[in-house]
Amino acid sequence: MSAAPATTSATTRPEALTVAPRIETARLILRGPEMRDFNAFATFHADPSRCLGFGPEMARPEAWRWWAGNIGHWQIHGYGYLTVEDRETGAPAGISGIWNPEGWPEPEIGWVVYEGFEGRGIAFEAALAARAWAYDTLGMSTLTSNIKPDNARSKALAARMGAVYERTYDNPIMGEDELWRHPGPAEAAR
Amino acid sequence: MIERVVLHTERLTLRPLRTSDFEAYSAYYTGPRARFVGGPVTRGEAFTKFCAMIGHWQMRGFGRFAICLRDDDTGFGHAGLLQVEDARLPELTWTLWTADAEGRGYAREAATAVRDHAFGPLGLPALSAIVHRDNAASARVAEALGGVADPDLPVRFDDERAFRFDAAPVEVPA
C-alpha cells in the first residue's frame with residue numbers, strides 16, 4: 001500500500017444514533033451511514049449483475065430496510081458498514097466496514113464498490129482502512145471475510161490484503177460461503 | 001445524538017428500543033404470535049428487523065418504541081410509526097410480544113399515544129394501519145383509534161386490509 005496511513009477521528013453528528021469514526025485515506029472518507037447515501041446503495045442492490053456477491057437482489061423497500069438495519073447494527077454493536085465517500089466528488093463510492101448480524105460465524109470485513117468506482121483499488125483502500133480501525137480502535141483480535149465461492153474478484157482482494165481461505169460453511173443468508181481469515185493486528189498491513 | 005423521544009401514558013412508558021429488548025422481541029417474532037405479520041421468522045431475520053426498527057429513527061426522525069409499564073423497564077411490545085417508502089403514509093403499528101400482555105388495553109393505550117404524538121408534535125397529516133384480515137383484535141384497536149377502512153390504501157399482502165387516520169383539521173377562527 002503506497003498511500004499514507006489512514007487518519008481516524010471519532011465524530012458524533014447531532015442527528016446520528018451512534019458514534020461512527022471518520023477515517024480519511026488518500027482518496028476516500030469512510031464515515032457513518034446516512035439517509036443521503038441510500039439512493040446509491042439501493043441502485044447497487046437492485047442490480048443482480050453487481051450485488052449477488054453481497055446479497056440477494058433487493059427491491060427498493062427491502063434495500064431501505066437493510067440500510068436502516070445497518071444503522072441499527074451500529075447501535076447494537078458499535079460498528080457496522082461505513083459509507084465510503086469519494087473525496088474528490090463527495091459521492092458515495094461504496095460501503096466497507098465490520099459486519100456481524102445474528103447467525104454470522106464471527107465479525108467480518110466487507111466491502112462493496114458502486115458502479116463507476118471500480119478498477120481503481122478503491123475497495124482495497126477502503127477495506128484496509130476499515131481493518132486498521134477494527135484492530136487499532138475497536139481492539140478486535142482477529143477478522144474474517146465471508147466470500148461467495150464464485151466471487152473471484154473479492155477473493156483476489158482478500159488475498160491482496162493477506163487473508164487466506166480457512167473453510168467453507170453454510171451462511172444463513174448467502175448459503176454456501178467461504179470464510180477467509182485476515183492476518184491479525186500485529187501482522188496486518190496498514 | 002438525535003432526540004430520543006419517550007412517551008408516557010397512564011400506565012405505560014414508550015421508550016427507545018435497545019439491545020436488551022432483543023431476546024423478548026426475537027421470541028415473539030420466531031413464534032406463532034407473529035403469524036399476522038409475516039412470521040414466524042428465523043432468529044437471524046428477527047435480528048435484521050430489530051436493527052431496522054432502530055435505524056429507522058435516524059432515517060425518518062420517528063419510528064417504533066418499546067412498550068413498558070411505567071414502573072417496570074422491561075419491554076413487552078413495540079408501537080410506533082413505520083415508513084419504508086416515501087410515497088406511502090406512515091404506518092401506525094402496535095404489537096404485544098407476549099400473550100400475558102393481552103386483554104388489558106395496552107396496545108390501544110400505546111397506539112393512542114403514538115397517534116397523538118404523530119398528529120401533535122410531529123405534525124403528520126395522516127397515517128395508515130395495515131391489519132391482517134384474521135386479526136380481529138388489531139382491527140378493533142384501529143377502529144377504536146378512529147381508523148376508517150380504506151381499500152384504496154396499498155397493502156403488502158392480499159390478506160391484509162388498510163385503515164386510514166386523519167388528523168383533526170385545525171380550526172381557523174372566522
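In the text below, chain A, chain B and the rest are named by the order of the sequence lines, each starting its count at 1.
Checked by atom type and distance alone, the side chain of A:E34 never pairs as donor or acceptor with a backbone atom of B:M59 at under 3.5 Å.
Counting only heavy atoms from C-beta outward, the side chains of B:R60 and A:M35 approach each other to under 4.5 Å. Looking at heavy atoms from C-beta onward, A:E102 lies out of side-chain contact with B:F50 at the 4.5 angstrom threshold.
For a residue to count as touching a neighbouring chain, one of its non-hydrogen atoms must lie under 4.5 Å from one of that chain's; by this rule B:R88 does not touch chain A.
Among pairs with a residue in residues 146-164 of chain A, those fulfilling salt bridge (Lys or Arg N to Asp or Glu O under 4.0 Å) read A:E118-A:R153, A:K155-A:E178, at least two apart in sequence or across chains.
Nearest heavy-atom pair across B:C51 and A:I76 is SG-CD1, 3.7 Å.
Neither A:I29 nor A:V84 shares a network with the other; the hydrophobic side chains, linked directly or stepwise wherever heavy atoms of I, L, V, M, F, W or Y lie under 4.5 Å apart, form separate groups for each. With hydrophobic clusters built from ILVMFWY side chains whose heavy atoms lie under 4.5 angstrom apart, B:I130 does not share a cluster with B:Y29. Linking Ile, Leu, Val, Met, Phe, Trp and Tyr residues whenever their side-chain heavy atoms come within less than 4.5 Å places A:L138 and A:L82 in a single cluster. A single hydrophobic cluster is seen to contain both A:Y81 and A:W104, as judged by linkage of ILVMFWY side chains at heavy-atom distances under 4.5 Å, directly or through other members.
Considering only residues two or more places apart in sequence or on other chains, A:R87 meets the salt bridge (Lys or Arg N to Asp or Glu O under 4.0 Å) condition with A:E24.
Within 6.0 Å of CZ in B:R156 there are 12 or fewer heavy atoms belonging to other residues, nucleotides or ligands.
Residues from residues 52-69 of chain A that place a non-hydrogen atom less than 4.5 Å from a non-hydrogen atom of chain B comprise A:P61, A:W64, A:R65, A:W67, A:A68, A:G69, given in numerical order.
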Output a table of donor-acceptor pairs, distance under 3.5 Å, between side-chain atoms of residues 10-17 of chain B and any protein atom two or more places apart or on a different chain; print 'none' if there are none.
residue	atom	partner	partner atom	Å
B:R11	NE	B:E109	OE1	2.7
B:R11	NH1	B:R104	O	3.0
B:R11	NH2	B:R104	O	2.8
B:R11	NH2	B:E109	OE1	2.7
B:T13	OG1	B:H8	ND1	3.2
B:R15	NE	B:D73	OD1	3.1
B:R15	NH1	B:D21	OD2	3.0
B:R15	NH2	B:D21	OD1	2.8
B:R15	NH2	B:D73	O	2.9

